[in-house]
Every structure is written in structure tokens, then in C-alpha cells.
There are 2 protein chains.
Amino acid sequence: MSADPSARRGIPDATVARLPEYLRALTGLAERGITSVSSEELASAAGVRSAKLRKDLSHLGSYGVRGVGYEVDHLAYQISRELGLTQDWPVAIIGMGNLGHALAAYSGFATRGFRVVALLDQDAGLLGQEIAGITVQPMTVLDELVAEQGLAIGVIATPAASAQEVCDALVAAGVRSILNFAPCVLVVPDDVDVRKVDLSTELQILAFHEQRKALAAEGALGAVALEPVKPELNRVVGR
Amino acid sequence: MSADPSARRGIPDATVARLPEYLRALTGLAERGITSVSSEELASAAGVRSAKLRKDLSHLGSYGVRGVGYEVDHLAYQISRELGLTQDWPVAIIGMGNLGHALAAYSGFATRGFRVVALLDQDAGLLGQEIAGITVQPMTVLDELVAEQGLAIGVIATPAASAQEVCDALVAAGVRSILNFAPCVLVVPDDVDVRKVDLSTELQILAFHEQRKALAAEGALGAVALEPVKPELNRVVGR
DNA sequence: ACGCTTTTGTGAACGGATGCACAAAGTCAC
DNA sequence: GTGACTTTGTGCATCCGTTCACAAAAGCGT
């Protein structure tokens with residue numbers, strides 16, 4: 001309806017994915033006492049091109065001043081609001097193995113906007129144990145957490161074998177946003193969002209590029225080696 | 001040069017990012033004794049559309065049989081090879097805090113293709129301690145690791161404040177592939193690949209979508225009440 | 001041998017994201 | 001008030017990735 005540029009029905013996913021980085025950069029600037037920033041400077045701090053930054057920001061409204069730049073606090077607030085960080089989202093972590101344990105203590109949650117309200121595990125042996133000041137509870141409290149605490153986000157840190165089962169329990173309890181650390185594909189209804197964080201996938205992508213670099217170097221040396229001169233350049237590369 | 005379809009100069013990044021998932025799906029099928037699979041089945045197991053899967057696979061060559069499908073073992077091998085997993089990549093983890101500790105013990109590395117050869121930390125208090133069977137060493141051994149172990153991949157699990165410093169040390173030692181868990185932008189030369197894994201970014205993206213869902217529900221209920229009042233509500237801050 | 005069925009591999013259309021270049025809109029100096 | 005200067009916001013062209021739809025290729029039954 002409105003011609004308001006913040007007709008936020010359609011902020012591109014690619015833009016949304018970058019907003020947290022912009023917010024982080026702005027927070028850093030604010031801590032250093034900087035109150036105003038140009039798109040060029042902010043883009044550089046966030047690791048993108050200034051044109052991309054400006055286009056991204058234009059999707060949330062017109063918060064800059066031509067000839068001057070952006071007011072750091074104000075822009076940070078606008079991005080926070082757009083991301084829904086002006087409220088605290090209750091989070092539950094399921095699976096208190098190595099990873100879940102680390103996540104419970106990880107400062108990432110300490111960021112304004114999120115609050116760990118529960119640690120859950122299926123293993124009766126861990127129940128009652130206290131981790132990072134929170135008592136580990138059984139999965140059966142999920143319904144209660146959603147109803148009484150407004151639990152909205154579930155973090156799955158279980159082995160892959162139990163991830164789908166845990167996911168189903170979260171969905172059944174009414175959780176519609178899931179962060180999955182288990183290396184597997186989760187099947188969920190359309191109205192549930194799943195984001196996946198996968199260490200071994202990332203390593204494999206790095207390995208692909210690393211291999212390409214190694215092959216390129218080898219190829220370059222090989223080409224030289226084909227020339228009848230300079231045989232001593234044949235060094236072992238990569239491997 | 002060659003008209004070989006596996007002219008791998010250009011496998012799209014988007015495709016490379018999905019290959020690990022295909023590989024995982026294939027491994028799962030193989031474990032269940034399945035020897036042949038159609039693009040439809042494999043795509044379903046990997047959570048993508050069959051057309052996308054087929055196009056992705058077509059970038060590495062023509063390994064399917066029309067009217068039949070793909071031979072599981074063979075395709076798994078081809079993807080492994082393309083990803084560079086037929087060799088073991090030496091990995092070092094830097095930063096033995098909560099996260100680094102969990103990563104050292106995490107089974108993600110146990111996947112064929114990677115081998116943790118060192119755990120490093122700048123804190124002298126942790127040196128000599130043994131984690132997951134590996135002794136924590138100081139950063140100064142980096143050069144040695146690259147020269148003698150062929151260290152190729154560095155995993156940064158330090159706080160954001162020291163991440164760039166650690167990154168610079170890795171690059172100086174010759175490491176060209178970095179997986180960064182610290183919530184910050186790393187500046188590196190062009191020939192170095194950095195991939196970032198960031199818990200709080202992922203949570204914030206989820207929060208955005210969660211908020212949108214909440215607003216949509218609210219809007220559906222109270223559309224009449226909310227609509228006329230909205231303009232000028234957000235223009236509070238001057239400068 | 002031959003047509004019927006299945007499934008791959010891919011050309012072509014489409015849509016979204018990126019980068020470029022510049023007009024519009026503001027500040028600042030005087 | 002005016003003109004020079006700075007920086008935003010955005011139309012446009014381009015590129016990359018996804019989806020569609022189908023011809024080509026293989027197996028199978030007769």
C-alpha cells in the first residue's frame with residue numbers, strides 16, 4: 001500500500017544475510033566513539049563494496065544524509081529493529097555433548113537480542129547437571145517452554161542420528177526457527193525456517209579451493225618443466 | 001584445451017557448496033546397501049530439486065546412466081576426488097577456549113579428508129595441556145607445521161580481538177585456507193580463501209524471519225487496527 | 001529388431017544479485 | 001545567498017544461479 005521505502009515485504013535474502021555484519025561494524029565504530037560514517041568507510045569495515053552497502057541499506061529506508069553519511073547510532077538502531085533485535089528472543093539448546101556444551105558457554109548468545117532459556121538433552125545421565133549456570137532439563141519440558149517463556153528458536157547440537165527426531169519435537173511444540181549444527185538435512189513444514197551450520201561442509205569447500213590452488217601451481221611448474229631448460233624448478237607442491 | 005566435460009576451471013561456487021551435501025547423502029545410501037540411485041531420489045535425500053542436482057553433477061562430468069541413474073559408490077568417489085578428499089588435509093586449530101576445545105573433540109574432523117595436526121594458543125597457561133590426545137603448542141611452531149607437516153588449513157577459534165593477528169600469522173606462515181569462527185571480518189591477500197562460521201549472524205537471520213512471521217500473524221489479526229496509524233512513527237532521532 | 005519406458009544431460013527462459021555511473025540532495029565556505 | 005563539493009540513492013546493464021521442458025540415450029520386453 002504505502003510508498004514508504006521501508007515497505008519491508010521484500011528485503012532480499014542476500015541483504016538480510018549481510019545486515020548482521022553491518023550491525024557489527026557499526027557497533028565497533030560506536031565503541032570507538034565515531035558518530036558518523038560514510039558508505040565507503042562502513043563498507044570497508046564490513047568487507048563489501050560501497051555500492052552494495054548503499055543498495056542494501058536503501059531496502060530498509062533512507063537513513064543517510066547526502067554529502068555527509070550515516071549517523072552511526074541511528075543506523076545501528078534501524079538495523080537492529082529490522083532484524084528484530086529490539087526484543088529478546090528466547091533460545092533453547094538441545095544436545096549437551098561437546099558442541100552443545102561449548103555453545104551454552106559461548107558469548108555469541110550474550111549479544112543483545114538472544115537469551116538462552118533452557119538446555120535440553122535426551123540422555124538422562126546429564127539431567128540436573130548445571131552448565132553455564134543453567135540446569136539441563138529433559139525434552140519433555142518443550143511445550144512448557146514455548147507456552148510460558150515464548151521459546152521461539154531452537155538450536156540443535158545433537159548427533160545427526162537424533163537431529164530429525166529432536167527437530168520434529170521442536171516443531172510439534174511450536175518452534176518455527178531452528179539452527180541446526182548436526183550434519184544432516186532436516187525435513188520441516190513450509191512455515192519453519194532452518195539454517196545449517198556445518199563444520200565439515202565448510203572444510204570440504206576450503207579443500208576444493210585449496211586443491212585447485214595446488215593444481216594450478218603444479219600446472220604452472222609443469223608447464224615450465226616441459227620446456228627443455230630449468231629442470232631444477234621441479235619442486236614438490238601441495239600434497 | 002581439452003573438450004573434457006570435467007574441464008574444472010569453472011565449477012560454480014554454488015555447486016561446490018552443495019557437493020558436500022551430495023556426498024553425505026551418497027555415503028548414507030551406501031551404508032544402507034543401496035548401490036544405484038536416481039537424481040530424483042538423491043536430490044530428495046540432499047534437500048534440493050532434481051534438476052539442480054543434475055546440473056550440478058553435469059559440471060563434474062557425465063557419471064550417470066540414462067534410464068537408470070547413478071552408481072552410488074562411483075559417484076561418491078568422483079565427488080570426493082573433485083573436493084580433494086582423496087588426500088588428507090592437515091588442519092590446525094588456533095584458540096583453545098570453549099569453542100576451540102569443542103572443535104578439537106568434534107567428530108567433524110574425523111570425516112575422511114582432514115587430520116588435526118596441531119592445537120595452538122597464545123595463552124602460555126594452556127601450553128602443554130593435552131586436548132583430545134593432542135598437546136597444545138605455541139603459535140611459534142606455525143612455520144614448522146607448514147614446512148614439515150604440509151599444514152594447509154587453519155581454523156581460527158579465538159576471540160574476535162585476536163583473530164586478525166592470528167590470521168596474519170597463518171598467512172605469513174603460508175596457510176592459504178582459513179575457517180574463521182571469530183565474529184569479525186578478516187583482511188587477507190587475494191590468494192587466501194576465508195570462510196566464516198558465525199553463530200550470532202545465523203541467529204540474527206533467524207530472528208529477522210521469526211519477526212516477519214510474527215508480524216504477518218499480527219497483521220492478519222489486527223490489520224485494520226494497525227494500518228492507518230503507521231507513518232512517521234520511526235522518525236524520532238535527529239542528530 | 002523395434003518400439004516403449006525411464007531417466008539423464010542440457011539449451012533456453014527467467015529471476016535475483018552485483019557493479020557502474022550519475023543525478024539528486026544535502027553541507028560548507030564565504 | 002550562492003556556488004563548489006561531497007555523498008547518497010537508484011536506474012541500468014550485466015552476470016550468475018535456478019527452473020523448465022525436452023531431446024538424446026540407455027534398458028527392457030516382446
Side-chain angles (χ1 to χ4, degrees), chain A residues 3-19 21-22 25-26 29 34-72 74-75 78-79 82 205 208-209, chain B residues 3-19 21-22 25-26 29 34-72 74-75 78-79 82 205 235 237-239:
Chain A
D4 184 4
S6 68
R8 66 173 70 72
R9 305 296 167 184
I11 296 185
D13 285 348
T15 294
V16 172
R18 283 185 293 265
L19 291 181
E21 196 60 58
Y22 301 156
L26 286 167
L29 291 171
I34 296 169
T35 60
S36 177
V37 69
S38 72
S39 65
E40 202 67 52
E41 293 163 332
L42 182 55
S44 157
V48 300
R49 297 283 175 191
S50 63
K52 193 191 278 192
L53 172 74
R54 288 199 301 276
K55 183 147 289 188
D56 281 343
L57 294 183
S58 76
H59 285 116
L60 7 151
S62 195
Y63 299 123
V65 179
R66 291 172 197 238
V68 175
Y70 301 87
E71 208 254 319
V72 172
H74 182 56
L75 185 56
Q78 293 298 342
I79 294 178
E82 200 65 53
I205 296 170
F208 172 84
H209 292 294
Chain B
D4 184 4
S6 68
R8 66 174 70 71
R9 306 296 166 184
I11 296 185
D13 285 348
T15 294
V16 173
R18 283 186 293 267
L19 291 181
E21 196 61 57
Y22 300 156
L26 286 167
L29 291 172
I34 297 169
T35 60
S36 177
V37 68
S38 72
S39 66
E40 201 69 52
E41 293 163 332
L42 181 55
S44 158
V48 301
R49 299 282 176 191
S50 63
K52 193 190 279 189
L53 172 75
R54 287 199 301 276
K55 181 144 290 187
D56 282 343
L57 294 184
S58 76
H59 286 115
L60 9 150
S62 195
Y63 299 123
V65 179
R66 293 172 195 235
V68 175
Y70 301 89
E71 209 254 317
V72 173
H74 182 57
L75 185 55
Q78 293 298 341
I79 294 179
E82 201 63 53
I205 295 170
R235 276 301 176 118
V237 183
R239 80 180 286 274

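Throughout, protein chains are lettered first and strands after them, A, B, ... in sequence-line order, and every chain is numbered starting at 1.
The interatomic distance linking B/D56 (CG) with D/dC16 (P) rounds to 16 Å, in whole Å. Whole-Å rounding puts the B/L75 CG to C/dG9 C1' distance at 14 Å. The interatomic distance linking A/R49 (CZ) with D/dT8 (P) rounds to 16 Å, in whole Å. We find that CG of A/L53 is positioned 15 Å from P of C/dC20, with the value rounded to whole Å. Per the geometry, CD belonging to A/E71 stands 16 Å off C1' belonging to C/dG26, to the nearest Å. Separating the CZ atom of A/R54 from the C1' atom of C/dA21 is a distance of 10 Å, rounded to the nearest angstrom. Residue B/D13 contributes atom CG, which lies 14 Å from atom C1' of C/dA17 at whole-angstrom precision. Spacing between atom NZ of A/K52 and atom P of D/dC16 amounts to 13 Å, rounded to whole angstrom units.
Closest to the side chain of A/K55, from the set C/dA17, D/dG11, C/dA12, is D/dG11. The side chain of B/A51 lies closest to D/dC20 when the candidates are D/dC20, C/dT8, D/dT18. Of the candidate nucleotides C/dG9, D/dC12, D/dT18, C/dG9 has the atom nearest to the side chain of B/S62.
Contact detail for A/I205 and B/A17: the closest heavy-atom pair is CD1-CA, 3.7 Å. Scanning both residues, B/I11 and B/V16, for their nearest heavy atoms gives CG2-CG2, 3.6 Å. Scanning both residues, B/R54 and B/Y70, for their nearest heavy atoms gives CG-OH, 3.9 Å. The nearest pair of heavy atoms linking A/H74 to A/E71 is CB-OE1, 3.0 Å. Here the closest non-hydrogen pair linking B/S39 and B/L53 is O-CD2, 3.2 Å.
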Subject >> Audit row: A/L75, A/Y22, side-chain contact (heavy atoms from CB on, under 4.5 Å) steps and yes/no >> reply: CA-CA 9 Å; A/L75 185 56; A/Y22 301 156; over 6 Å; no
Subject >> Working for side-chain contact (heavy atoms from CB on, under 4.5 Å), residues B/V72 and B/T35 >> reply: CA-CA 5 Å; B/V72 173; B/T35 60; 5.5 Å; no
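The terminal axes of the helix from C/dA1-D/dT30 to C/dC30-D/dG1, fitted over 5 pairs per end, subtend an angle of 10° to the nearest 10°.
Taken residue by residue, residues 37-44 of chain A places heavy atoms nearer than 4.0 Å to DNA chain D at A/S38, A/S39.
Contact annotation: the side chain of A/H59 never approaches that of A/E82 to less than 4.5 Å [non-hydrogen atoms, C-beta and beyond]. Contact check for B/L57 versus B/Y63: no side-chain heavy atoms found under the 4.5 Å cut-off.
Once rounded to the nearest 0.5 Å, the distance linking CG of B/L42 with CG of B/L26 reads 5.0 Å. For the atom pair CD1 of B/I79 and CZ of A/F208, the computed distance is 12.0 Å after rounding to the nearest 0.5 Å.
Contact between the side-chain N/O atoms of A/Y63 and the OP1/OP2 oxygens of D/dT7 is not found at any separation under 4.0 Å. Dashed line: the shortest gap from a side-chain N or O of A/R18 to OP1 or OP2 of C/dT18 is under 4.0 Å.
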Original post:
How does protein contact run along nucleotides 23-30 of chain D, one letter per nucleotide 5' to 3', with B for base contact, S for sugar-phosphate only, - for none, heavy atoms under 4.0 Å?
Top reply: -BBSS---
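Listed for the B/E41 side chain is a donor-acceptor partner under 3.5 Å among the backbone atoms of B/S38.
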